[in-house]
Amino acid sequence: MPGERHRCQPACLSRREPQFATASHVRRWLLIEQEAPWGPTALTQCRLHAGTARAIAEKARSAGARPILLRKPGRSQRAGCRVYVAVTDVNQTWVESFDFPAAEALLALDFSPLKRGASLGGERVTEPFFLVCTHGKHDACCAQFGRPVASALHALDPASLWECSHIGGDRFAANLLCFPHGLYFGHVTPVVAPRIADLYRAGRIDLEHYRGRPAYPFAVQAAEWFLRRDSNLDAIDALDLLRHAALAGDRHQAVFSLQGGRECRVTISVSRDTTPVLLTCQSTEPGAPPRYELVEITR
């Protein structure tokens, strides 16, 4: 209706846009506890001194890491600053943590090992934990749909749940990240969130809400999703990526190794929607999201 503000998540659901193959391609992470408020650009618009925020952003950039802010739901009484450093590569996934008196202590860390996927000397994290984007100043739908999911998971296991700043894919809110793999899940509700978390703890993937694995480029994420769907594979370690390549025209191919030594070659095609749409609540120019079609699976 005229005068109504655009809301990207309901619009995404109404046009039945697929959410698979939409996970941000990230292989290094810097997750920093920092209480609200967060501005639209969280790291440089929070309570951190502007110079400190810029220095942390530069250290993350030099290591190829994506900085994300974390907070506990409600008014946290936690003292200090928890920091997670994570690698979500094709061949390795790990997380380590640091407890600092304040985020400024990050500036004393040497980030150069992270660029090659090596430890910074923190404590290795062995238990899964979960991030839910609730970054309302970046996108209204993230707060509207993310906060109820964060509250539901926090009520079940406060230690494993964090609210987080923007992680990509606002129109798929509520967005849930599962570490150590960094797996993305979208259109998560308070009802299904505990099931997704329980499956992840058991080493399995809820394929209905699965957006993808950040270690993979988008086309490979699509190939993985089609292979999992058609082969009924929900175990996280059910397959390994061996290689992938862009073919002639709009086609891409990925080769996976399955348990038992079998190989599967998945060929997909990529196109763009013919009708551009507003992809976020703040969008002023429409965009055309990609569409992926399965060409064939060769076993």
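This is a predicted model, so every value here is computed, not measured. FYI, the numbering just counts along the sequence from 1.
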Check whether any side-chain N or O of [X] sits under 3.5 Å from a backbone N or O of [Y] as a donor-acceptor pair, and report yes or no.
{"X": "D89", "Y": "R27", "value": "no"}
{"X": "S151", "Y": "P148", "value": "no"}
{"X": "N175", "Y": "G169", "value": "yes"}

> What is the ring orientation for F100 with F98, classed by angle as parallel under 30°, tilted 30 to 60°, or perpendicular over 60°?
Replying inline: parallel

> Do the ring planes of Y84 and F129 sit parallel (below 30°), tilted (30 to 60°) or perpendicular (above 60°)?
Replying inline: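 It falls in the parallel class, under 30°.
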
Can you hop from [X] to [Y] via hydrophobic side chains spaced under 4.5 Å?
{"X": "L31", "Y": "V85", "answer": "no"}
{"X": "F172", "Y": "L278", "answer": "no"}
{"X": "F20", "Y": "V277", "answer": "no"}
{"X": "L156", "Y": "L176", "answer": "no"}
{"X": "L177", "Y": "F185", "answer": "no"}

Is [Y] paired with [X] through a side-chain N to carboxylate O contact shorter than 4.0 Å?
{"X": "E224", "Y": "R228", "value": "yes"}
{"X": "R71", "Y": "E163", "value": "yes"}
{"X": "R201", "Y": "D157", "value": "yes"}

> Think R211 forms a cation-pi with W225, using NZ or CZ under 6.0 Å from the six-ring centre and within 45 degrees of its axis?
Replying inline: no

> Take atom CD in E263; do more than 12 heavy atoms of anything else shown fall under 6.0 Å from it?
Replying inline: yes

>> Using 0.5 Å steps for rounding, measure from the OG atom of S160 to the CG atom of L153.
In response: 7.0 Å

> Rounded to the nearest 0.5 Å, how far apart are CZ of R171 and SG of C8?
Replying inline: 8.0 Å

>> Going by side-chain contact (heavy atoms from CB on, under 4.5 Å), D206 matches just one of L199, V188, L183. Which one?
In response: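 Considering L199, V188, L183, a side-chain contact (heavy atoms from CB on, under 4.5 Å) with D206 is found only for L199.
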
>> If the test is ring pair (Phe, Tyr, Trp, His ring centres under 6.0 Å), which one of H138, H166, H135 qualifies with W38?
In response: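 Going through H138, H166, H135 one by one, the ring pair (Phe, Tyr, Trp, His ring centres under 6.0 Å) with W38 is satisfied by H135 alone.
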
Between the side chains of [X] and [Y], does any donor sit under 3.5 Å from an acceptor?
{"X": "T41", "Y": "T44", "answer": "no"}
{"X": "T275", "Y": "D273", "answer": "no"}
{"X": "W94", "Y": "Q92", "answer": "yes"}
{"X": "R299", "Y": "S231", "answer": "yes"}

> Would a line drawn from the ring center of H181 to the ring center of Y200 be shorter than 6.0 Å?
Replying inline: yes

> Are side-chain heavy atoms of Q253 and H244 found at a separation under 4.5 Å?
Replying inline: no

